[in-house]
Structures are given as structure tokens and as C-alpha cells.
Amino acid sequence: MITKREDIRNVAIIAHVDHGKTTLVDELLKQSGVFRENQEVAERVMDSGDIERERGITILSKNTAVTYKNTKINIIDTPGHADFGGEVERVLKMVNGVILVVDAFEGAMPQTKFVLRKALELKLPVIVCINKIDRPEARPREVVDEVLELFLELDADDAQLDCPFVYASAKSGIASMDPDEQGTSMAPLFDTILDYIPAPEGDPESGTQVLISTIDYNEYVGRIGIGKVENGSVKVNQEVVICNHHDPDKLIKTKISKLYEFDGLAKVEVSEAKIGSIVAISGISEIHIGDTICSPDAVDPIPFQKISEPTIAIDFCVNDSPLAGQEGKFVTSRHLRDRLYKELNTDVSLRVEETEDTDRFKVSGRGELHLSVLIETMRREGYEFAVSKAEVLYKTDENGKKTEPMEVAYIDVPNDCTGAVIEKLGSRKGELRNMSSISGGTYTRLEFLIPSRGLIGYRGEFLTDTKGNGVINTEFDGYAPYKGDISYRKMGSLIAFEAGEAITYGLFNAQERGTLFITAGDKVYAGMVVGETGRSEDIEVNVCKKKQLTNTRSSSADEALRLTPPKVLSLEQALDFIETDELLEVTPQTLRIRKKILDSRLRKRANFNN
């Protein structure tokens with residue numbers, strides 16, 4: 001018999017990047033009494049990873065729980081960046097409703113549309129929270145109209161269109177039901193969750209059914225499966241079967257050794273969990289995302305959300321440069337393979353394929369940021385490897401024609417930078433679809449349809465062209481016929497001529513040819529890229545060249561040689577910069593760009609044959 005569990009609500013917070021999801025969760029935790037009065041609490045407490053804190057973005061979805069009016073509210077904080085959309089797609093199966101957070105100034109953005117579409121497809125009720133109403137340029141009433149237009153565009157049903165709107169300032173910890181009224185606390189949002197988000201329902205008498213939507217990993221207990229109890233109950237020491245709707249052959253008998261529920265930021269050990277509870281189960285090594293835990297006498301797997309396919313691939317290779325193995329802790333192909341396959345346990349959007357070369361693995365993801373975060377994480381763990389330039393994944397349609405992934409790019413730029421952006425994206429096969437004035441006429445919003453590969457390596461140029469004032473957001477638009485060749489980089493590389501240590505005299509002569517990436521004392525090897533040149537072809541330079549000493553002196557001979565400070569590339573800038581015939585050498589301490597073929601004669605021969 002289907003019953004509702006009124007003492008629980010399960011809700012996910014979804015939004016575009018930087019619209020204030022994680023800050024909102026902070027306030028809900030604080031005002032529900034999770035923290036002591038005198039407890040020091042970090043900002044964006046849910047962004048627990050180092051990279052998340054440094055970049056100010058959420059990468060992994062995370063669970064927490066608060067209690068309000070004797071009702072437990074399980075809250076899932078999700079990423080806002082399109083590259084981590086897979087995290088959002090899978091956790092929506094765990095919840096009974098969503099809070100859509102929209103910036104009171106920016107309004108509905110590309111990722112708002114993506115996450116809302118996924119929620120509406122699953123028929124989830126939506127609470128719209130217009131955040132940052134205390135911004136000087138906030139326009140909450142217009143944003144409400146934009147959100148309703150978006151609902152209509154995404155074919156929302158009548159019940160979903162009749163959604164409540166809450167006006168909040170997550171930073172100040174206030175919410176109200178009227179845009180003209182300042183609230184005093186988050187109580188209006190809490191009350192709306194209790195009134196509008198349906199209580200979870202299921203059959204408490206039937207067999208156990210727990211759909212695993214997230215995998216956590218802990219060095220001490222191993223894999224931890226997180227999911228919602230759909231039917232029945234789950235107990236410690238219970239005999240269960242792990243099955244999968246999309247893999248009928250998977251039937252693994254096991255036992256529940258430890259069971260946890262969420263309370264605030266902690267996992268609390270429990271002996272039993274009933275329908276509607278979000279639980280964490282540890283001690284089962286064979287558990288994966290999309291699996292269902294069932295009673296042995298009632299094996300009934302639940303279908304899992306289909307995750308969007310990856311669109312971009314990078315080759316991860318064993319580092320074989322002359323300076324290999326000096327800084328990394330894990331350097332072999334076995335280390336690299338094990339680490340990449342371990343990542344598949346927790347990241348559903350990632351694909352790892354072995355190639356004919358045992359030292360090279362093809363890793364596919366949702367975008368450059370998705371893969372660069374993986375590279376940075378591995379680098380910090382002590383891995384040393386090399387990566388190739390990002391390439392898009394092509395497909396062939398039913399007529400045998402080549403197709404490629406397309407993106408819709410929404411770009412906000414100052415009016416005086418519009419021409420440069422249109423010209424650059426035009427040369428990258430971008431098609432201008434819309435152009436409108438925003439921010440009181442000082443900014444222009446451009447909408448482009450552009451191949452995904454046209455955006456590879458563009459963000460750095462974009463920031464330069466817009467003097468750092470431009471904002472670019474993208475949304476995957478599907479596959480379309482191949483648009484033709486794109487030349488990524490107009491500049492050539494400065495390549496080291498011989499191995500050794502960079503000398504001031506050699507660098508002084510080399511800097512006349514272009515911009516250097518290295519400084520005096522850095523180790524170099526033949527074939528390593530030490531800078532960029534304004535010319536389209538590569539130039540070889542000898543940065544290890546020493547000054548010939550003579551026994552005569554002139555008045556100007558001993559004057560200090562002045563070097564221009566080198567251009568230090570970040571990981572993203574280096575991934576943007578490299579060409580298809582180059583690799584990025586990644587070690588825990590250093591990033592070096594090199595040619596795939598180090599020997600200059602072999603390189604020229606290969607270019608000649610091409």
C-alpha cells in the first residue's frame with residue numbers, strides 16, 4: 001500500500017553558475033540550528049574541495065540535511081557549470097522537487113534552461129527563488145517574466161507553471177514572498193518547501209528498493225553508495241541483491257554492513273532507514289551509480305536517468321620527456337590507468353578508452369573545464385603525465401556524413417568590444433543568431449551558434465579582447481553537419497634548440513623573437529616550447545647559449561642584460577595554447593609545453609610528409 005512520509009522533504013538546489021546556490025545552502029544550515037552559536041563557519045561550507053574553494057565553483061553535488069518544524073529536509077547542492085551537468089542529471093532521481101535559483105539581475109541564463117529542462121522532464125515541482133534582490137541593479141519583476149517565458153518554452157504543465165516565487169538575499173540570510181518587502185529570515189523559503197514540495201511516497205511493506213545516484217569514496221571504508229529508499233526499508237546486516245536495470249546480467253548478493261543518514265554536514269550511523277530517506281551505504285565494493293539495492297526475494301531494478309554523452313576528448317599519456325620522473329610520485333602507465341578508471345567510479349559523465357598504444361588513454365568529458373579539473377586533481381595527488389590538445393568527438397549520421405557537436409554561446413560584452421568578438425567567432429565558424437542591448441545600453445548580448453571546437457582555446461583571447469569585462473556562457477545544442485576546417489592559433493612556438501639550463505644571455509637574444517614562458521635557471525630540453533612568436537611558423541632558439549668571454553673589456557660590455565618578465569601560463573591557458581602537434585607535460589610542480597616529436601629533423605620530415 002502506497003503511503004506518504006510527511007516528516008521528510010527531499011529537494012535539490014539547481015541554478016546557473018554564480019547565482020548563489022551554495023551561499024543559499026549556507027544560510028539554510030545556519031538558520032536551522034545546525035551550527036552552535038559560537039561556531040566558526042567557513043563561507044560556502046558545502047564547497048569542501050580545494051579546487052572548488054579556489055575557483056569559487058561547485059564541482060560535485062553534495063548532500064546535507066536540516067530540520068525545520070519537526071520535518072527533515074534533505075538538501076542536495078548541485079554544480080551550476082554546464083561541464084558538470086552530469087552531476088545534476090543523476091541527483092534529480094533522488095528528490096521530489098527542486099529550488100531553481102535565479103539571479104535578480106542576470107535573469108535566466110543558459111544553464112538555468114538546461115537544469116530546469118531536466119527537472120521538468122522528470123515532472124518535478126519547482127520553487128523559483130529570485131536571489132540577490134539587494135543588488136543595486138536588481139530587476140526581480142522582469143526576471144519573474146523571463147522565468148515564466150522559459151517555463152512556457154520548455155512545455156511546463158499547468159501545475160508546474162503555477163509555481164511559487166520566493167525573493168531572497170542568500171548573503172543577508174533573508175527571504176520574502178513579495179519583491180517590495182524585505183524579509184527577516186529564511187522562514188518563508190522553509191515554509192514554501194514544506195507546503196509545495198511533496199512528501200516522498202512508497203510502499204513500506206514491499207521489498208527493499210534503493211536506487212544509487214551518487215558514489216562517494218573514502219580511503220578507510222572504500223566506496224559509499226548514496227541513494228533514496230524508494231520502497232520498503234533497509235537495515236544493517238540485511239541480505240540484499242545489487243542489480244541494474246540497464247545490465248540484466250548484474251546480480252550480486254551482499255550484506256549491508258554500515259548505514260548512514262545525513263544530519264547537517266555529518267553522516268550519522270543508523271540501524272534502519274525507511275521510505276523517502278536518503279542514505280549512504282558503505283562496505284560494498286561492487287556498487288556503482290545506477291545500481292538498485294533490492295531484497296533477494298523481490299529483485300526489481302529501477303531505470304536510471306540517461307546521462308548526456310561527452311563531447312570533447314583529450315589523450316592522457318605517460319610522460320616520456322627527458323625530464324620525466326623527476327617530480328612525480330606516480331609516473332607509470334599502470335598508475336595512470338588505475339587512477340583514470342578510479343575516476344569513473346564517481347564521475348558518470350567521463351569516458352576512458354584504452355588505445356593501441358599501452359601508454360596512452362583517451363579520456364572524454366563534457367568540456368574543457370571538466371577535463372582540466374581532473375588534470376589539476378591528479379596533479380595535486382602526485383601524478384605526472386602528458387596531455388594532448390582537446391579534440392571534439394565527431395559522429396556519422398544515417399547518410400554517412402560527418403557531424404560535430406554544436407554549442408549556443410551567450411556572450412555579454414561592452415559595446416566597444418562587440419566588433420572584435422564577432423570577427424573572432426566568425427573566423428571560428430560561429431553564426432550570429434541574435435544581438436540585443438542590456439544593462440541600460442552599456443553592454444551587448446550576442447547569441448552565437450558555433451561548433452564546440454571553435455570555442456577550444458578561445459576563452460583567453462576573449463578575455464583579452466573584452467579587457468576582462470566580457471562574460472561567456474555556453475549550452476550544448478546537439479550535433480550538426482561538419483562546418484569545415486578551423487585554424488586555432490595564429491602564433492607559432494619558440495622551441496628550445498638544445499638541452500640544458502636557460503641562461504640570461506640566451507634568453508635575452510630569444511626574447512626579441514617573441515614572448516618567453518621561462519626564466520633564467522629553468523631546465524629545458526630540445527623540442528620544448530619556451531615561448532610564443534607573433535609569426536605563424538615555429539622558430540628554434542638557443543636559450544642555453546652563453547656569452548663568449550674575451551680578454552678585452554669595453555665600457556658597455558658588462559652592462560646588465562634586462563629580461564622581460566616571462567608569461568606564466570595557468571593550466572587552462574596552457575591547454576588553450578597547445579597545438580595538435582604539441583603536448584602539455586603535467587607534473588606536481590611544473591607545466592611544460594613540448595612538441596610531440598622532440599628531434600627537429602624528424603619533426604621537419606613529418607611536416608614535409610604531411
Side-chain angles (χ1 to χ4, degrees), residues 5 7-13 25 28-29 32-36 39 45-49 58 60-68 70-78 87 90-96 199-200 202 204 207-242 252-295 302 304 342 345-348:
R5 189 166 170 202
D7 62 337
I8 279 190
R9 298 290 186 277
N10 297 321
V11 65
I13 298 192
V25 176
L28 294 176
L29 285 167
S32 64
V34 167
F35 307 120
R36 295 190 317 274
Q39 187 172 343
V45 70
M46 295 293 282
D47 284 348
S48 50
T58 304
L60 300 170
S61 58
K62 302 185 189 66
N63 297 60
T64 187
V66 300
T67 302
Y68 180 76
N70 298 322
T71 303
K72 184 176 185 179
I73 305 173
N74 285 306
I75 302 170
I76 304 175
D77 181 23
T78 63
E87 291 282 320
R90 64 194 168 114
V91 300
L92 291 181
K93 287 290 275 185
M94 271 200 280
V95 297
N96 303 100
T208 303
Q209 262 189 324
V210 183
L211 176 65
I212 300 300
S213 300
T214 305
I215 294 286
D216 201 355
Y217 186 81
N218 184 303
E219 289 294 333
Y220 302 104
V221 299
R223 298 165 71 76
I224 302 167
I226 299 170
K228 186 173 79 172
V229 182
E230 301 282 348
N231 284 304
S233 61
V234 59
K235 300 183 181 75
V236 173
N237 295 327
Q238 181 184 341
E239 298 279 341
V240 292
V241 170
I242 299 171
I252 301 167
K253 282 195 173 182
T254 186
K255 197 178 191 180
I256 304 285
S257 58
K258 291 220 168 161
L259 189 64
Y260 305 88
E261 283 190 12
F262 293 89
D263 183 19
L265 299 173
K267 290 191 191 87
V268 180
E269 208 167 322
V270 294
S271 58
E272 183 182 6
K274 298 191 166 110
I275 56 163
S277 294
I278 291 180
V279 294
I281 299 167
S282 68
I284 304 175
S285 57
E286 300 91 353
I287 203 160
H288 288 87
I289 289 166
D291 287 349
T292 309
I293 293 174
C294 295
S295 304
I302 302 168
F304 189 62
K342 180 183 158 193
N345 293 337
T346 53
D347 191 341
V348 284

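As the structure is a computational prediction, the values presented were derived from the model and not from experiment.
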Working for side chain to side chain contact (heavy atoms under 4.5 Å, CB included), residues Val241 and Ile252: CA-CA 5 Å; Val241 170; Ile252 301 167; over 6 Å; no

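- The salt bridge (charged side-chain N to carboxylate O under 4.0 Å, His left out) search around Lys235 returns Glu272, not counting sequence neighbours.
- For the residue pair Ala280 and Ile224, the shortest heavy atom distance occurs at CB-CG2, 3.7 Å.
- Judged as a side-chain hydrogen bond (donor to acceptor under 3.5 Å, both in side chains), and not counting sequence neighbours, the contacts of Asp291 are Asn244, Lys250.
- By the side-chain hydrogen bond (donor to acceptor under 3.5 Å, both in side chains) test, Ser295 pairs with Thr208, sequence neighbours left out.
- Note: Ile212 CD1 to Ile281 CD1 = 5.0 Å, rounded to the nearest 0.5 Å.
- Remark: Asp263 CG to Asn74 CG distance equals 9.5 Å, nearest 0.5 Å.
- In this structure, the separation between NZ on Lys228 and CD1 on Ile8 is 10.0 Å, given to the nearest 0.5 Å.
- When all heavy atoms of Ser277 and Ala273 are compared, the closest pair comes out as CB-CB, 4.1 Å.
- With Asn10 contributing its side chain and Gly276 its backbone, the two residues share a donor-acceptor pair below 3.5 Å.
- Applying the side-chain contact (heavy atoms from CB on, under 4.5 Å) test to Val11 and every residue at least two apart in sequence or in another chain returns Ile73, Ile75, Ile99, Ile197.
- The nearest pair of heavy atoms linking Pro200 to Asn96 is CB-OD1, 3.6 Å.
- Proximity of Ile226 to Phe262: side-chain heavy atoms (C-beta onward) are separated by under 4.5 Å at one or more points.
- In this view, Thr71 and Arg9, Leu194 satisfy the side-chain contact (heavy atoms from CB on, under 4.5 Å) rule, not counting sequence neighbours.
- Taking each heavy atom of Ser233 and Gln238 in turn, the nearest pair found is O-OE1, 3.8 Å.
- With contacts defined as side-chain heavy-atom distances shorter than 4.5 Å, the pair Val279/Val210 qualifies.
- The distance from atom CD1 of Ile293 to atom CD of Gln209, rounded to the nearest 0.5 Å, is 11.5 Å.
- The distance from atom OG of Ser282 to atom NZ of Lys258, rounded to the nearest 0.5 Å, is 6.5 Å.
- With sequence neighbours excluded, the residues that form a side-chain contact (heavy atoms from CB on, under 4.5 Å) with Thr254 are Val240, Ile242, Ile284.
- Between Ile278 and Glu261, the closest side-chain pair of non-hydrogen atoms is not below 4.5 Å.
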Side chain to side chain contact (heavy atoms under 4.5 Å, CB included) between Val234 and Ile256, worked out: CA-CA 8 Å; Val234 59; Ile256 304 285; 4.1 Å; yes

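- Across all non-hydrogen atoms, the minimal contact from Ile275 to Gly232 is CG2-O, 3.4 Å.
- Remark: Ser271 OG to Leu259 CG distance equals 8.0 Å, nearest 0.5 Å.
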